[in-house]
Amino acid sequence: MQVAVVTFDGFNELDSFIASSMINRCRKDGLEAFITTPTPVVTSMNGVEVSGQRPMEFVTEADVVLIGSGVKTRDVVADDRLISRLSLDPSRQLIGAQCSGALVLARLGLLNGMPVCTDMKSRPFVEACDVTVLDAPFYAEGNIATAGGCLASQYLATWVMTRMLGEDAARDVVDYVAPVGENQETVERAMRAVHAGEVALR
């Protein structure tokens, strides 16, 4: 089971690295995440250069695709050539977007009236696409999910682990990465956010 963590130039480190790091703690169970980039090297919004582990074309074979956000997402959605490389299929893939990544889902026509979660800076641009933005950190319908706020990337990762391996596996990972002394409340908060997001507006 392979996860493509789509990471564009100008990316937010928290979005890509939190999700990939948490998911990669499930390697022993057969779930593995790869930083997936449109060019061999991308530079984060804070100047961190990262070599991609997989090329963009990897998204077509991945079981899960998570689209990270960054300061250049509006440039991404305006680039027809780049967008054309994102051939996604929600009938067979789990697809998630973090913050401004919701703009990419809208551009790809994958939302079909579905409301989303995003960050406050991206909100007006997402709403300009005629998409409803929720005041919530996580929301999912079927195989598509969105998360809003950098640290909500943990909820996106929790959703992926729960869907692919079951709730126990997700709980184990969240418990491991939780701040010492806050394990139980961190696990319950993550599971509560995912469960609440999956039933919202139903």
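Counting only residues at least two apart or on different chains, the salt bridge (Lys or Arg N to Asp or Glu O under 4.0 Å) pairs with a member in residues 84-102 are Glu57-Arg85, Asp89-Arg92. Listed by first then second residue, pairs satisfying salt bridge (Lys or Arg N to Asp or Glu O under 4.0 Å) with a partner in residues 172-183 number zero, not counting sequence neighbours.
Side chain of Gln93 to main chain of Val59: a donor-acceptor pair is present (N/O by atom type, distance under 3.5 Å, no hydrogens or angles). The main-chain N or O of Cys117 is found under 3.5 Å from a side-chain atom of Thr146 such that the two form a donor-acceptor pair.
When all heavy atoms of Cys150 and Cys99 are compared, the closest pair comes out as N-SG, 4.0 Å. Closest non-hydrogen pair, Ala102 versus Ala97, comes out as N-CB, 3.7 Å. Scanning both residues, Val173 and Cys26, for their nearest heavy atoms gives CG2-SG, 3.7 Å.
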### Task
Go through the steps for Val5 and Thr36 under the test side chain to side chain contact (heavy atoms under 4.5 Å, CB included), then give the verdict.
CA-CA 5 Å; Val5 181; Thr36 302; 5.6 Å; no
### Message
Using the rule given for side chain to side chain contact (heavy atoms under 4.5 Å, CB included), can you reason through Leu134 versus Val116, listing the C-alpha separation, both sets of side-chain angles and the distance that settles it, and then say yes or no?
### Response
CA-CA 6 Å; Leu134 303 173; Val116 302; over 6 Å; no
### Message
For Asn112 and Leu110: C-alpha separation, side-chain torsions, deciding distance, then whether side chain to side chain contact (heavy atoms under 4.5 Å, CB included) applies.
### Response
CA-CA 6 Å; Asn112 297 315; Leu110 296 175; 5.9 Å; no
### Message
Could you go through Gln2 and Glu61, starting from their C-alpha distance and side-chain angles, then the distance that decides it, and tell me whether this counts as side chain to side chain contact (heavy atoms under 4.5 Å, CB included)?
### Response
CA-CA 8 Å; Gln2 300 184 111; Glu61 61 185 87; 4.0 Å; yes
### Task
Given side-chain hydrogen bond (donor to acceptor under 3.5 Å, both in side chains), test Ser69 with Asn12 step by step and report yes or no.
CA-CA 6 Å; Ser69 74; Asn12 183 319; 4.6 Å; no
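With sequence neighbours excluded, the residues forming a side chain to side chain contact (heavy atoms under 4.5 Å, CB included) with Ala169 are Leu165, listed by chain and number. Shown here are the salt bridge (Lys or Arg N to Asp or Glu O under 4.0 Å) partners of Asp130, two or more places apart in sequence or in another chain: there are none. By the side-chain hydrogen bond (donor to acceptor under 3.5 Å, both in side chains) test, Ser122 pairs with Asp119, sequence neighbours left out. By the salt bridge (Lys or Arg N to Asp or Glu O under 4.0 Å) test, Asp80 pairs with Arg107, sequence neighbours left out. Applying the side-chain hydrogen bond (donor to acceptor under 3.5 Å, both in side chains) rule to Arg123 yields the partners Glu127, Asp135; only residues at least two apart in sequence or on another chain are considered. Under the salt bridge (Lys or Arg N to Asp or Glu O under 4.0 Å) criterion, Arg81 pairs with no residue at all, not counting sequence neighbours. In this structure, Glu185 has no salt bridge (Lys or Arg N to Asp or Glu O under 4.0 Å) partners at least two apart in sequence or on a different chain.
In the hydrophobic clustering of this structure, Leu88 groups with Met114; members are Ile, Leu, Val, Met, Phe, Trp, Tyr whose side-chain heavy atoms approach within less than 4.5 Å, directly or through other members. No chain of hydrophobic side-chain contacts below 4.5 Å, direct or via other Ile, Leu, Val, Met, Phe, Trp or Tyr residues, connects Met1 to Phe34. Both Val131 and Val104 are part of a single hydrophobic cluster, where members link through side-chain heavy atoms under 4.5 Å apart. When hydrophobic clusters are built by joining Ile, Leu, Val, Met, Phe, Trp and Tyr residues whose side-chain heavy atoms come closer than 4.5 Å, directly or via intermediates, Phe58 is not grouped with Ile95.
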Report, one line per pair, each donor and acceptor closer than 3.5 Å where one atom sits in a side chain of residues 70-77; sequence neighbours left out.
residue, atom, partner, partner atom, Å
Lys72, NZ, Asp9, OD2, 3.0
Thr73, OG1, Gly70, N, 3.4
Thr73, OG1, Gly70, O, 3.1
Thr73, OG1, Ser100, OG, 2.6

Considering only distance and modelled atom types, tabulate donor-acceptor pairs under 3.5 Å from the side chains of residues 42-51, sequence neighbours left out.
residue, atom, partner, partner atom, Å
Ser44, OG, Glu13, OE2, 2.7
Ser44, OG, Asn46, N, 3.1
Ser44, OG, Gly47, N, 3.3
Ser44, OG, Val48, N, 3.0
Asn46, ND2, Glu13, OE1, 3.1
Asn46, ND2, Glu13, OE2, 3.2

With a 3.5 Å cut-off and sequence neighbours excluded, list the donor-acceptor pairs that the side chains of residues 18-25 form with protein atoms.
residue, atom, partner, partner atom, Å
Ser20, OG, Ser16, O, 2.9
Ser20, OG, Phe17, O, 3.3
Asn24, OD1, Ala33, N, 2.7
Asn24, ND2, Ser20, O, 3.2
Asn24, ND2, Ala33, O, 3.2

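Residues Ile67 and Leu105 have side chains in contact (heavy-atom distance under 4.5 Å, counting atoms from C-beta outward). Contact check for Met56 versus Thr39: no side-chain heavy atoms found under the 4.5 Å cut-off. Between Glu167 and His195, the closest side-chain pair of non-hydrogen atoms falls below 4.5 Å. Contact of the Gln98 side chain with the Leu66 side chain is not registered, since no non-hydrogen atoms from C-beta on lie closer than 4.5 Å. Side chains of Ser91 and Asn143 form no contact here, defined as non-hydrogen atoms less than 4.5 Å apart. Residues Leu94 and Asp63 fail the side-chain proximity criterion, which asks for heavy atoms closer than 4.5 Å. Leu31 is listed as a side-chain neighbour of Met161, based on a closest heavy-atom distance under 4.5 Å. Looking at heavy atoms from C-beta onward, Thr162 lies in side-chain contact with Met191 at the 4.5 angstrom threshold.
Rounding to the nearest 0.5 Å gives a distance of 9.5 Å between CZ of Phe8 and CG of Asp79. Here the straight-line distance linking atom CD of Gln154 with atom CG of Leu156 works out to 10.5 Å at 0.5 Å rounding.
Aromatic ring pairs are classed by plane angle as parallel below 30°, tilted from 30° to 60° and perpendicular above 60°; the pair Phe138 and Trp159 is tilted.
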